[in-house]
2 protein chains.
Amino acid sequence: MKIHNFKYHERGLNRFFGPLEAKIMNILWDSSELAIKDVQAKLDQDQTKPLNFNTVMTVMNRLVDKGFLTKRTEGRTGLYQPMVSRDDFLENQSKELTHELIEEFGPLVVNHMLDALEEVDVDLIAMLEQKIKALKKDN
Amino acid sequence: MKIHNFKYHERGLNRFFGPLEAKIMNILWDSSELAIKDVQAKLDQDQTKPLNFNTVMTVMNRLVDKGFLTKRTEGRTGLYQPMVSRDDFLENQSKELTHELIEEFGPLVVNHMLDALEEVDVDLIAMLEQKIKALKKDN
DNA sequence: CACCTCACACTACTTATTGTAGTTACCTGT
DNA sequence: ACAGGTAACTACAATAAGTAGTGTGAGGTG
């Protein structure tokens, strides 16, 4: 259940997964518990070329091996669902990445932080300010 | 000259490069301009098993192809040096990563920021505070 | 001038990751 | 007992990274 790479030039889940893996995780996170063919059907909705059942199965089982999905067998049908919720996943990843980044680059990150926040969403700077204030009050 | 991956569970340059690539970059960054055999010699200092000359050459030339090293031919001997300084490299990477992280996770990162700073180096929080103050004064 | 050596180029094999898909085996309901 | 669907097993392609063999060319030395 460990992500190893954060890909710079991708977006969203593609930063953590391969493109097909990412689509599958998204589908599973948007549903409760699905069989392979359900996932395949959903994938085929925005794909022009239908995906081979076995392709979907292989990738899903690999995701199970890696600990991102859990599999439950009901009769002969496997039912898959994510190990953790999307929110938890993103929470964990952002936390881990933030820590790694600070650990690795401490001062450099602080230097770039405000620029980045300004560019993306200035309100986040206010949010950060609040958090610092709150932290100081606690001590 | 683009790094594609940031590896979570490595340290230092190994986050950006393969292990041998990282050692080579380090050696080149600690020297001015080196030939392959010089790099090989330095690598063999902390390696128990000496590295094949061709191995070192292949990896160095790949680093040239990727744009991390430049190569200059003096007579028949190729001389290699990093495209940018170690500081610039780390500066660029930390900047890019910080931006990507904020772009992807904005509020989540802000949430984890202070924790991370506290754990690694509390002085960095003061530094961040200063930067926010300076920013507000500018506007 | 012939040759030997060294540095380089070219090529290839290995492992791991991800996407892809064929073949085979098995189970279940009819 | 069989058909159809589900799953397991196996394999192949591409990419990245580490490793290394073979071939080539240029220069100094006898």
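Below, all heavy atoms of this structure are taken into account, side chains as well, without hydrogens, waters or symmetry copies. Residue numbers start from 1 in every chain, and the chains themselves are labelled A, B, ... in the order their sequence lines are given, proteins ahead of strands.
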Quiz prompt | Presence of T55(A) side-chain N/O under 4.0 Å of dA21(C) phosphate oxygens OP1/OP2 | solution = yes

Quiz item: Please give, in whole Å, the distance from dA16(D) C1' to N5(A) CG?
Solution: 11 Å

Exercise. Answer with yes or no after comparing the ring centroid distance for F6(A) and Y8(B) against a 6.0 Å cut-off, counting only values under it.
Key: no

Quiz item: How does protein reach along nucleotides 3-10 of chain C, written 5' to 3' as B (base within reach of a heavy atom under 4.0 Å), S (only sugar-phosphate), or - (no contact)?
Solution: ----SBB-

Quiz item: From the list dA20(D), dT20(C), dG18(D), which nucleotide is the closest neighbour of the side chain of N52(B)?
Solution: dA20(D)

Quiz prompt | Nucleotide dA20(D), atom C1' - distance to CE of M60(B) in whole Å | solution = 17 Å

Quiz item: Among side-chain atoms of K131(A) and N111(B), is any donor-acceptor pair under 3.5 angstrom?
Solution: yes

Quiz item: What integer distance in Å separates K2(B):NZ from dA16(D):C1'?
Solution: 19 Å

Practice problem: State whether the number of non-hydrogen atoms from other residues, nucleotides or ligands found under 6.0 Å of K95(B) atom NZ is greater than 12. | Solution: no

Quiz item: How close or far is atom C1' of dA16(C) from atom CD1 of I3(A), stated in whole angstroms?
Solution: 16 Å

Quiz item: How about F89(B) and F17(B): are their ring centres within less than 6.0 Å of each other?
Solution: yes

Quiz item: In whole Å, what is the span from the NZ atom of K23(A) to the P atom of dT18(C)?
Solution: 15 Å

Quiz prompt | For the student: nearest non-hydrogen atoms of S94(A) and F105(B), plus distance | solution = CB-CG, 3.7 Å

Quiz prompt | Atom-pair distance (CZ on R15(A); P on dT17(C)), nearest Å | solution = 22 Å

Exercise. Would you kindly give the NE2-to-P distance between H4(A) and dA17(D), to the nearest whole Å?
Key: 16 Å

Quiz item: With respect to the phosphate group of dA17(D), does any side-chain polar atom (N or O) of K66(B) fall under 4.0 Å of OP1 or OP2?
Solution: yes

Quiz item: Does the side chain of L20(A) come within less than 4.5 Å of L51(A)'s, by heavy atoms?
Solution: yes

Practice problem: Could you tell me whether the side chains of R15(A) and N5(A) share a donor-acceptor contact shorter than 3.5 Å? | Solution: no

Practice problem: Give the rounded distance in Å between these two atoms: CG of L43(B) and C1' of dT19(D). | Solution: 13 Å

